[in-house]
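Numbered from 1 within each chain, the chains take letters A, B, ... in sequence-line order.
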Amino acid sequence: MSTNLQFWIMKSEPDVFSIGHLEKAKNQTTPWEGVRNYQARNFMRDQMKIGDQVLFYHSSCDVTGVAGIAEVTSVTYPDPTQFIKTSEYFDAGATKDKPRWFLVDVKWQKTFKDVITLEKIRTAPKLKDLTILKKGNRLSITPCTEAEFKNIISLGR
DNA sequence: GCCAACGTTGGC
DNA sequence: GCCAACGTTGGC
């Protein structure tokens, strides 16, 4: 594994878009559209690279936690939904010349048999510094270390 | 449904 | 540039 790869946790509400949706999507790939937070946007625009590994997190649902693995499969490009007037993600302040929102494509890799629950993650001593566990953290995209990434996956075994 | 925490907006 | 008001996130 190349050492310049980065590791991420990306949240999605499974009622809207789950790991199952991603697995069944065309090419098992989706543009990660709808992010309207500057910090999360900046991660996609400035830091994500093809091959980066993603933990797919289910939020605001019955069983919250990491539901599977995905991978970044595109370079950054403007989120097309910001230009679509009828879209809930439409942004009147964005133009094609000066887009405001950027995204990457994400491809399905694996769906865990059981969701690795937030509770399990929270009680793992090695994961005590994980960003999503910090008080008040609501960011939908956060980086994690390779060690944290592997530790989370190991909780499912 | 509640509510803490955070981000954004807009008046000044 | 400050900050109050408002909107959103997301666990519970």
Under 4.0 Å between a side-chain N/O of A:Lys135 and OP1 or OP2 of B:dA4, yes or no? no
Rounded to whole Å, the CD-C1' distance (A:Gln39 to B:dA5) equals 14 Å
Could you check how far OH of A:Tyr57 sits from C1' of C:dT9, rounded to whole Å? 11 Å
Measure centre to centre between the rings of A:Tyr38 and A:Trp101, then say whether the value is under 6.0 Å. yes
Could you check whether any side-chain N or O of A:Gln28 sits under 3.5 Å from a backbone N or O of A:Ala25, counting only pairs where one atom can act as donor and the other as acceptor? no
Taking CG from A:Leu139 and P from B:dA5, how many angstroms apart are they, rounded to a whole number? 17 Å
Between A:Met10 (CE) and C:dT9 (P), how many Å, whole number? 15 Å
If you look at every strand shown and take non-hydrogen atoms under 4.0 Å, does A:Ser60 touch a base, only sugar-phosphate, or nothing? base
Whole angstrom is fine here: how far is it from CG in A:Asn137 over to P in C:dT8? 19 Å
Looking only at side chains, do A:Arg36 and A:Thr81 share a donor and an acceptor under 3.5 Å apart? yes
Grab the CZ-P distance between A:Arg36 and C:dT9 for me, whole Å please. 12 Å
Ignoring backbone atoms, establish whether A:Tyr38 has a side-chain N or O less than 4.0 Å from OP1 or OP2 of B:dC6. no
So, A:Trp32 versus A:Phe56, ring centres under 6.0 angstrom or not? yes
Against the side chain of A:Leu118, the closest entry in B:dG7, C:dC12, B:dA5 is C:dC12
Looking at every strand, decide which applies to A:Arg122 at a 4.0 Å heavy-atom threshold: base, sugar-phosphate, or nothing. sugar-phosphate
Nearest whole angstrom, please: distance from the C1' of B:dA4 to the CG of A:Leu133. 17 Å
Whole-Å distance between B:dT8 C1' and A:Arg138 CZ? 10 Å
